[in-house]
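Computed from heavy atoms alone, side chains included, the values below leave out hydrogens, waters and symmetry copies. Convention: sequence-line order gives letters A, B, ...; per-chain numbering from 1.
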Number of protein chains: 2
Amino acid sequence: MIEAKKISYQDIKALALKRIRNKTWPPGSIMPGEVELAGEFGCARATVNRAMRELADEGFIDRKRKAGTRIKASPTRHAKFTIPLIRDEIESSGATYRYALIRRDTPKTPDWLRARLALSLQADVLHLKCLHYAGSKPFQFEDRWINLDAVPKAAQQNFEMTGPNEWLVQEVPFTDVELTFSSMNADLQTAELLGVSEGAALFTIERITWLEKRPITFAKLYYFSGYQMTSRL
Amino acid sequence: MIEAKKISYQDIKALALKRIRNKTWPPGSIMPGEVELAGEFGCARATVNRAMRELADEGFIDRKRKAGTRIKASPTRHAKFTIPLIRDEIESSGATYRYALIRRDTPKTPDWLRARLALSLQADVLHLKCLHYAGSKPFQFEDRWINLDAVPKAAQQNFEMTGPNEWLVQEVPFTDVELTFSSMNADLQTAELLGVSEGAALFTIERITWLEKRPITFAKLYYFSGYQMTSRL
DNA sequence: ATTGGCATAAAGTCTAGACAAAACAGGACA
DNA sequence: TGTCCTGTTTTGTCTAGACTTTATGCCAAT
């Protein structure tokens, strides 16, 4: 008789996953309760609880008090990929990172931006355009707007040596981020900056950051043609 | 004197985050150990442990046995967005989902695919082209390859009524996924299928799925022009 | 039938204590 | 000097038990 050694929450996770996959616990059904499983595996309920909690976090099951734990019909897989600082992204590919400020001004806040960030009528913004290079090639064009109401000290910063993203991450805490990925044809100006032909398909990210409901910054990032973002889950 | 009631791991998380943000515990430094914190908050070490474990999962701190818990210099934020089934994505936008199979064949396995999936020389594949509509508009063009070695019963399936993704999710378990996002100009054929002009910028996703090292399927998904993928974190 | 309330079942959390595992530091020894 | 061993510290995990919270289903009163 093989000794059972000790059972970890990871073992239970793996076992439960196996039962979900081979439909011992079919999709849509309720699996045994924590007490029962703890009995079966000969461990404490807390151990089962942790395993199940993680499976729920990972989207395989739904748990409700009193109702029990139900196998999801179609597991919600969620990609969980890291958003690296652009400097790190470039340097980790082996290339040298270089940054250039193209333009810095404080225009009248455009209406689309005010609407997008729910800014008040008198909110001032700082507008920056920058290029990030990998070696000698343009890698990303950044069109950035900073809410000076929320980040007044950005007005004192010239951003000639340090990119706004790097500066903001160091200086301004944030709590919420919205990312929007899309694709667009390069207009003439962007094409020239990135060194591609007009109409080339560009991968773009829009990024809005808040600190507890207060909008901090809006950035539109245009990547060079051919950029790929990969994530494993 | 206000009674402290009870302290939950969430309170501790929030408090720790506040201290990280306001630099009570500056980036790069070591924060107090679990025992010390448990003393300060008047709770059990397990409670502190859970709070800290979650903060570590979320990328704010690094924990190492013996070395202690260190505040990350630049917190690794990771986007965690759900990959919905395309039917759900379309229906939740209020439109009617419609599916059409364009082509189904079993060609000689192309070399690029064999290389990409690390397939053996004699592996057979099923090749499908499909369109997914939102109402009357093309939403996504799907170019799918299925490894018949790993999923032999796919050969019996005609895929005329049900899309391969929906079928695979129901029938074939998987353990690993790789997603690659990029952008490309529509070629003539794809443009016609999606009802856009040639050269339009398309958002594309490549998706490879494995079951424990065995490649299951490769899909290239071309979205209509203007598609946006948004995630909040 | 419909509503309201109550008992109960299940997950969620906390505690106090124990042992395990990793990683580092310092000493013994070749 | 370098290598190995051993002790110590800190996080990682587990246990057994208790209490809390939330949903649900049932029963009674409208």
Between CG of B:Leu37 and P of D:dT10 the distance, given in whole Å, is 12 Å
What one should report as the nearest heavy-atom pair of A:Thr47 and A:Ile12 is CG2-CD1, 3.9 Å
Of the candidates C:dT15, D:dT24, C:dC14, the side chain of B:Tyr9 sits closest to C:dC14
Below 4.0 angstrom from OP1 or OP2 of D:dT11, is there any side-chain N or O of B:Asn49? no
When rounded to whole Å, the CD1 to C1' distance for the pair A:Ile12 and D:dT15 reads 12 Å
Comparing nearest nucleotides in DNA chain D, the 5'-proximal residue of the pair A:Ala44, A:Lys66 is A:Ala44
Could you check whether B:Arg87 makes a cation-pi contact with B:Tyr97, meaning its NZ or CZ is under 6.0 Å from the centre of the six-membered ring and within 45° of the ring axis? no
Practice prompt. Establish, with yes or no, whether the OP1 or OP2 oxygen of D:dG12 is under 4.0 angstrom from a side-chain nitrogen or oxygen of B:Arg63.
Written response: yes
Picking from C:dT15, D:dC14, C:dG12, the nucleotide nearest the side-chain atoms of A:Thr47 would be D:dC14
Atom CG of A:Asp62 and atom C1' of C:dA11 are separated, to the nearest Å, by 13 Å
Sugar-phosphate, base or nothing in reach of A:Arg50, heavy atoms under 4.0 Å
sugar-phosphate
In whole angstroms, the gap separating C1' of C:dC14 from CG of B:Asp11 amounts to 12 Å
Rounded to whole Å, the NZ-C1' distance (A:Lys13 to D:dT13) equals 14 Å
For D:dT9 and B:Lys64 - does any side-chain N or O of the residue sit under 4.0 Å from the phosphate oxygens OP1/OP2?
no
Query raised in the report: Take atom NZ in A:Lys137; do more than 12 heavy atoms of anything else shown fall under 6.0 Å from it?
Result: no
Between CD1 of B:Ile30 and P of C:dA23 the distance, given in whole Å, is 14 Å
Contact class for B:Ala46 vs. all strands (heavy atom < 4.0 Å): base, sugar-phosphate, or nothing? base
With the side chain defined as heavy atoms from C-beta on, B:Arg45 is closest, among D:dT15, C:dG12, D:dG12, to D:dG12
**Prompt:** Any cation-pi pair here, A:Arg232 with B:Trp210, using under 6.0 Å and within 45°?
**Reply:** yes
I'd like to know if A:Lys153 pairs up with A:Glu171 as an ion pair, taking the criterion as any Lys NZ or Arg NE/NH1/NH2 lying under 4.0 Å from an Asp or Glu carboxylate oxygen. yes
Separation of D:dT10 atom C1' from B:Ile61 atom CD1, nearest Å, is 13 Å
Rounded to whole Å, the CZ-C1' distance (B:Arg53 to D:dT10) equals 16 Å
Assign each of A:Ala67 and B:Met31 the nucleotide of DNA chain D bearing its closest heavy atom; nearer the 5' end lies the nucleotide of B:Met31
Judged by nearest nucleotide, the residue sitting upstream toward the 5' end of DNA chain C, B:Arg65 or A:Thr69, is A:Thr69
